[in-house]
Participant: 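Right, I'll just put the structure down here and ask away after.
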Amino acid sequence: MDDDGHVEVPEDVADLAFEHGLGTPIREYRYSGNLRMSARDVNTAINPWVAALGPVVLVLAALTHGWVSWAGLALGLPLSIIFARQVWEHRRRLRLRRLYQYSGGLVIVMGDLHPEVVAWDEVDDYDHTVDHIDGHEARLLGTPAERTYHSHYILTTARVPVEIHSEFHDTGPLAEAIEAAVLPGIIRSYRDRFEAGEELEFGDLRIGPTGIGTGPTGTVPWSEVDRIEVEDGLAVYRIGVDTPVIEVDADHLDHLPAVEAILTEASSQEDASR
């Protein structure tokens with residue numbers, strides 16, 4: 001993006017976006033993964049910081065003599081080659097990996113692969129999944145951190161999953177764009193299915209024409225539901241019971257905005273039936 005806010009798009013990407021009717025370019029996302037992330041495509045067994053010792057060992061080998069020098073050469077040369085390949089892969093990713101966000105969708109450029117096109121009107125589902133780095137939960141998508149480790153799994157109408165990995169810089173605006181473009185259609189789909197009498201699943205939660213529940217707890221009929229609280233998860237209270245009879249953690253709920261929309265729909269239907 002230049003100083004005037006114009007997104008500079010390669011000609012092949014622009015042609016592809018025009019061919020699929022993606023509209024106006026909005027933003028470019030560049031690769032921002034670290035060296036270790038890049039090294040996974042080269043060698044998954046050796047940490048790049050361990051491989052970086054190779055050149056150091058080679059220098060020490062050159063300053064010594066005898067078997068120590070030969071041992072240093074035998075150890076340092078393979079590590080140096082691995083480290084050089086890891087650095088090369090990292091530079092290649094920095095140069096070639098890009099996301100181009102358009103008003104009507106995305107063009108995903110992943111190195112030597114043919115660019116992937118995802119039009120918003122083709123998407124019928126999506127999921128945001130937190131990655132875990134070295135056993136620690138990474139920062140959530142959309143934070144102002146320089147790097148976020150969060151993935152979007154986009155499913156097209158052909159049920160072909162497209163993963164947008166967390167390697168890209170500051171994908172918060174992209175998360176907002178996905179929700180703004182895709183979520184209304186998802187909510188409409190859930191509403192239509194609910195009105196047709198289908199039981200819907202939102203992760204562990206089930207909402208149907210007869211009531212709300214989970215597999216372990218069973219279903220609470222709508223006529224027995226006192227209230228439902230949605231905050232950091234979901235809690236269902238039965239009439240005359242002070243503690244929730246159903247609790248679902250937020251991590252086990254899918255598409256919370258859609259859940260809230262269906263709960264409003266269910267409440268309206270219950271009020272109309274009284």
Side-chain angles (χ1 to χ4, degrees), residues 1-44 48 84-131 133 138-183:
M1 182 180 295
D2 59 24
D3 295 337
D4 297 329
H6 177 71
V7 181
E8 297 181 3
V9 180
E11 185 176 352
D12 59 335
V13 172
D15 291 343
L16 200 57
F18 178 78
E19 178 185 339
H20 288 81
L22 296 188
T24 307
I26 302 295
R27 184 166 179 164
E28 175 188 10
Y29 299 89
R30 295 174 178 267
Y31 175 76
S32 64
N34 56 39
L35 182 59
R36 181 165 46 180
M37 295 175 70
S38 300
R40 292 173 186 171
D41 285 352
V42 176
N43 187 295
T44 58
R85 291 181 61 199
Q86 292 172 343
V87 171
W88 176 85
E89 173 63 21
H90 183 66
R91 293 178 63 85
R92 189 179 76 90
R93 288 190 177 203
L94 285 173
R95 186 177 71 256
L96 297 179
R97 295 202 171 189
R98 296 288 189 272
L99 290 181
Y100 295 94
Q101 177 188 340
Y102 283 76
S103 56
L106 296 173
V107 178
I108 307 169
V109 180
M110 298 295 283
D112 300 328
L113 301 178
H114 185 72
E116 186 101 39
V117 177
V118 179
W120 295 140
D121 58 6
E122 295 178 347
V123 178
D124 61 9
D125 201 0
Y126 75 98
D127 184 26
H128 292 169
T129 305
V130 178
D131 287 342
I133 309 298
R139 302 188 66 159
L140 292 179
L141 178 83
T143 62
E146 180 179 351
R147 296 181 178 89
T148 54
Y149 298 91
H150 203 121
S151 301
H152 309 265
Y153 295 86
I154 298 180
L155 299 178
T156 67
T157 52
R159 308 306 297 173
V160 179
V162 177
E163 179 183 355
I164 302 173
H165 199 265
S166 54
E167 300 168 330
F168 297 96
H169 174 75
D170 190 15
T171 51
L174 179 57
E176 296 170 2
I178 290 175
E179 291 198 358
V182 177
L183 191 56

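Note that the coordinates shown come from a computational prediction; the quantities given were computed from them, not determined experimentally.
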Participant: If we check salt bridge (charged side-chain N to carboxylate O under 4.0 Å, His left out) with E89, which of these qualifies: R91, R92, R85?
Facilitator: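 Only one of R91, R92, R85 forms a salt bridge (charged side-chain N to carboxylate O under 4.0 Å, His left out) with E89, namely R92.
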Participant: Among all residues two or more places apart in sequence or in another chain, which pass the side chain to side chain contact (heavy atoms under 4.5 Å, CB included) test with A158?
Facilitator: T156, V160
Participant: By side-chain hydrogen bond (donor to acceptor under 3.5 Å, both in side chains), which residues pair with D121, not counting sequence neighbours?
Facilitator: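 Partners of D121 by the side-chain hydrogen bond (donor to acceptor under 3.5 Å, both in side chains) criterion come out as none, since no residue qualifies.
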Participant: Heavy-atom distance under 4.5 Å between the side chains of E8 and E28, does that happen here?
Facilitator: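 Contact flag for E8/E28 side chains = no.
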Participant: Donor-acceptor pairs under 3.5 Å, side chain of residues 100-110 to any protein atom, not counting sequence neighbours: which ones?
Facilitator:
unit_1 : atom_1 : unit_2 : atom_2 : d
Q101   : OE1    : Y29    : OH     : 2.6
S103   : OG     : L22    : O      : 3.4
S103   : OG     : T24    : N      : 3.0

Participant: By salt bridge (charged side-chain N to carboxylate O under 4.0 Å, His left out), which residues pair with D15, not counting sequence neighbours?
Facilitator: none
